[in-house]
Protein chains: 2
Amino acid sequence: MAAAKKNPRLMSNDALLQIARRFAVLAEPMRLRLLQSLFEGEMSVNELVEVTGGTQANVSRHLQTLAHAHLVSRRKEGLQVFYTISDPSIFRLCELVCGSLEQQLAQQAGAFAEGGRL
Amino acid sequence: MAAAKKNPRLMSNDALLQIARRFAVLAEPMRLRLLQSLFEGEMSVNELVEVTGGTQANVSRHLQTLAHAHLVSRRKEGLQVFYTISDPSIFRLCELVCGSLEQQLAQQAGAFAEGGRL
DNA sequence: AACTTATATGAGCATATGCTCATATAGAGA
DNA sequence: TCTCTATATGAGCATATGCTCATATAAGTT
């Protein structure tokens with residue numbers, strides 16, 4: 001059982017902090033872009049720099065952040081370092097959020113359409 | 001289709017920003033605690049203050065943040081304001097993250113166990 | 001060893017975010 | 001109207017985070 005269900009007892013501060021940290025890692029456009037790029041498969045830092053248009057320093061830093069969160073994994077080969085997505089739950093996570101946002105936008109659009117009817 | 005699949009084309013900056021913002025809303029222990037409390041059903045601000053142990057000002061602020069993100073909805077009744085979870089995707093989102101974290105911890109525990117074997 | 005390429009990181013600035021205190025608003029009741 | 005209760009919010013401080021520049025490390029090449 002991951003979380004308390006009916007009991008008013010709450011999760012520990014520590015558990016909440018860990019969950020919050022996980023969400024925080026995903027709360028950055030550049031990191032999301034990196035993850036999205038990696039959806040297609042393993043890539044080197046330089047490739048990611050080119051694809052995302054970010055600076056080398058910044059891309060490297062964000063990759064460290066993702067790696068520390070165990071969302072991606074490193075593989076060194078000669079001069080290059082290749083990163084891959086190592087936590088498949090990310091796919092569903094992004095799908096869920098995208099779906100939820102789409103639905104909200106659809107509702108807003110619907111409201112506009114109705115308003116325009118009069 | 002929520003996101004590009006095989007095409008190297010990436011999502012728009014704007015879309016990524018919105019997704020990042022959604023994650024950012026969930027990247028706070030107190031907000032997670034509020035959501036978790038609301039899992040059991042509608043609650044007033046004062047009830048949430050008591051349950052979470054936060055200050056009134058802080059709880060109110062966080063509830064505003066959650067409301068702006070359309071994760072919870074307000075209902076005013078007399079002097080009190082009641083909040084409810086309005087986006088069911090949150091349940092699955094938290095389940096996913098919890099599951100992923102549990103798995104990571106299990107792996108770490110496993111590594112420890114193996115190491116202890118020698 | 002000297003040079004080049006690929007990646008990581010220290011330092012510093014700018015901005016964002018959370019927290020608290022005090023106060024404002026809003027509704028209910030005397 | 002005056003007061004009390006419930007909620008929201010402005011101001012200010014402290015901290016965290018992202019970005020860039022410059023430099024460090026590490027590995028391959030000559």
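In what follows, chains are A, B, ... by sequence order, proteins preceding strands, each numbered from 1. What you are looking at is a predicted structure, and each value in this text was computed from that prediction instead of being measured.
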Visitor: Of all of residues 57-65 of chain A, which get a heavy atom below 4.0 angstrom from DNA chain D, listed by number?
Guide: A:A57, A:N58, A:R61, A:H62
Visitor: A side-chain contact here means heavy atoms from C-beta on lying under 4.5 Å apart; do B:N13 and A:P29 qualify?
Guide: no
Visitor: Any side-chain heavy-atom pair from B:M11 and B:I19 closer than 4.5 angstrom?
Guide: yes
Visitor: Are the charged groups of B:D87 and B:R92 less than 4.0 angstrom apart, N to O?
Guide: no
Visitor: Give a yes/no answer on whether the side chain of B:Y83 brings an N or O atom under 4.0 Å of OP1 or OP2 in D:dA8.
Guide: yes
Visitor: Nearest whole Å is fine: how far is C:dT4 P from A:Q80 CD?
Guide: 19 Å
Visitor: Do any of residues 15-23 of chain A sit with a heavy atom less than 4.0 Å from DNA chain D, and if so which?
Guide: none
Visitor: Can you measure A:L34 atom CG to D:dC19 atom C1' for me and round it to whole angstrom units?
Guide: 14 Å
Visitor: Can you see if the side chain of A:N46 gets near the phosphate of C:dT7 - specifically, an N or O under 4.0 Å from OP1 or OP2?
Guide: yes
Visitor: Is a donor-acceptor contact shorter than 3.5 angstrom present between the side chain of A:Q56 and the base of C:dA6?
Guide: no
Visitor: Are the side chain of A:T84 and the backbone N or O of A:S86 linked by a donor-acceptor pair below 3.5 Å?
Guide: no
Visitor: Going by atom types alone, do A:S100 and B:R22 pair a side-chain donor with an acceptor below 3.5 Å?
Guide: yes
Visitor: Taking any heavy-atom pair under 4.0 Å as a contact, classify A:F82: base, sugar-phosphate, or nothing.
Guide: nothing
Visitor: Just the rounded figure in Å: distance from C1' of D:dA6 to CE of B:M43.
Guide: 15 Å
Visitor: Quick one: do A:S89 and B:V97 satisfy side chain to side chain contact (heavy atoms under 4.5 Å, CB included)? Show the steps, please.
Guide: CA-CA 8 Å; A:S89 73; B:V97 171; over 6 Å; no
Visitor: For nucleotides 24-29 of chain C, print each protein N/O atom paired with a nucleotide N/O atom at under 3.5 Å, atom names and distance only.
Guide:
none

Visitor: Quick one: salt bridge (Lys or Arg N to Asp or Glu O under 4.0 Å) partners of A:R31, sequence neighbours excluded?
Guide: none
Visitor: Figure out the NE2/P separation between A:H68 and C:dA8, and round it to whole Å.
Guide: 11 Å
Visitor: Is there a path of hydrophobic side-chain contacts, each under 4.5 Å between heavy atoms of I, L, V, M, F, W or Y residues, that connects A:M43 with A:V72?
Guide: yes
Visitor: Hey, is the side chain of B:R74 poking within less than 4.0 Å of OP1 or OP2 on D:dT7, counting only N and O atoms?
Guide: no
Visitor: Using a 4.5 Å cut-off on heavy atoms from C-beta on, say whether the side chain of B:L66 contacts that of B:Y83.
Guide: no
Visitor: Under the side chain to side chain donor-acceptor pair (under 3.5 Å) test, which residues partner A:S44, sequence neighbours left out?
Guide: A:E47
Visitor: Rounding to a whole Å, what distance do you find between B:E28:CD and D:dT17:C1'?
Guide: 13 Å
Visitor: Quick one: A:R75 CZ to C:dT7 P, roughly how many Å, whole number?
Guide: 12 Å
Visitor: Kindly state each residue pair satisfying side chain to side chain donor-acceptor pair (under 3.5 Å) with at least one member in residues 65-74 of chain A, sequence neighbours excluded.
Guide: none
